[in-house]
Amino acid sequence: MTDAIHHFIEQYGLLAVFLGCVAEGESAAILGGFFAHQHVFVLWHAFVAAALGAFAGDTFFFILGRSFADHPYVVRLRKRPGFRRAYRLLNTHPNIFVLSNRYVYGMRLVGGIAAGLSTIAAPRFVILNAISSAIWAVLFGTIGYVFGLGAEHFIGQAFMRHERLLVGLGIGLGVAILAWFVARHVAKRERAKES
């Protein structure tokens, strides 16, 4: 069973990192770094997959906001908690907003739509988004890599190759669940502020 999981991660792990980073992908970027430490794939490949996924996701939501402002999906997203605040921040501090938006969990999607609906020029958004995506990917990929170093140090040689993969998957699931709870808490606070 663990051989099949290992083979699957070797074959499709970078694609999973990319796809995970298209959405709210901190856990995918962290797992990319962790698996790079476990020699499942090369660290810089994990960085590139995470950066490209983050860039593609934010650019997609920017285009969605810019080109399909009246589409029911976009209208629904505009009603999400924090949208008004994101839009206000974007219009007052566009560079800082685009560079920092991805670091606020739960705001990437709303922030991308808000950027598309704002007056920020598309080339400016693309350049700032590329810079932010690269920094974000290296930061969270490095966190995963360092976690792999720490786990190996504490558990030692008994930490077998297959067990590392299962632990990594468990960590990714744990980070995703924790992020979901944090996002729910932030969304509740935003709804309370906007009411």
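The structure displayed is predicted, hence computed values, not measured ones. All heavy atoms count here, side chains included; hydrogens, waters and symmetry mates do not.
- No side-chain heavy atom of L90 sits under 4.5 Å from any side-chain heavy atom of F125.
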Note to self: Show, in sequence, the C-alpha distance, side-chain angles and deciding distance for I113 and L64, and conclude whether the side-chain contact (heavy atoms from CB on, under 4.5 Å) test is met.
What the structure shows: CA-CA 7 Å; I113 296 290; L64 200 62; 3.8 Å; yes
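- A49 and L14 get closest at one heavy-atom pair: CB-O, 3.7 Å.
- Under the 30°/60° scheme for interplanar angles, the aromatic rings of W136 and F140 are found to be tilted.
- Distance check: I30 CD1 to I143 CD1 gives 5.5 Å after rounding to the nearest 0.5 Å.
- Cluster annotation: I63 is not connected to V75 through the hydrophobic network of ILVMFWY side chains, with a link wherever side-chain heavy atoms come within less than 4.5 Å.
- The main-chain N or O of V110 is never found under 3.5 Å from a side-chain atom of R78 such that the two would form a donor-acceptor pair.
- Across S133 and R102, no two heavy atoms sit closer than the pair OG-NH2, 2.8 Å.
- Counting heavy atoms from C-beta outward, I120 and F97 have side chains that stay 4.5 Å or more apart.
- Contact of the E26 side chain with the L139 side chain is not registered, since no non-hydrogen atoms from C-beta on lie closer than 4.5 Å.
- Here the CG-CG distance, from D58 to L128, works out to 11.5 Å after rounding to the nearest 0.5 Å.
- Put simply, F83 and F68 are part of the same group of oily side chains (I, L, V, M, F, W, Y) that touch within less than 4.5 Å, one to the next.
- Residues V98 and F62 fail the side-chain proximity criterion, which asks for heavy atoms closer than 4.5 Å.
- With contacts defined as side-chain heavy-atom distances shorter than 4.5 Å, the pair L43/Y145 qualifies.
- Judged by distance alone, with hydrogens and angles left aside, the side-chain atoms of N91 form a donor-acceptor pair with the main-chain N or O of Y87 at under 3.5 Å.
- A side-chain donor-acceptor contact under 3.5 Å links T92 to the backbone of R88.
- The two residues V138 and T142 make their nearest non-hydrogen contact at O-OG1, 2.6 Å.
- A donor-acceptor pair shorter than 3.5 Å can be found between the side chains of T59 and N129.
- Minimum heavy-atom separation, A51 to A134: CB-CA, 4.1 Å.
- The minimum heavy-atom distance linking A69 with L117 is given by the pair CB-CD2, 3.4 Å.
- Of all heavy-atom pairs spanning G33 and A46, the tightest one is N-CB, 4.4 Å.
- Within the 4.5 Å cutoff, side-chain heavy atoms of F55 are placed close to those of V126.
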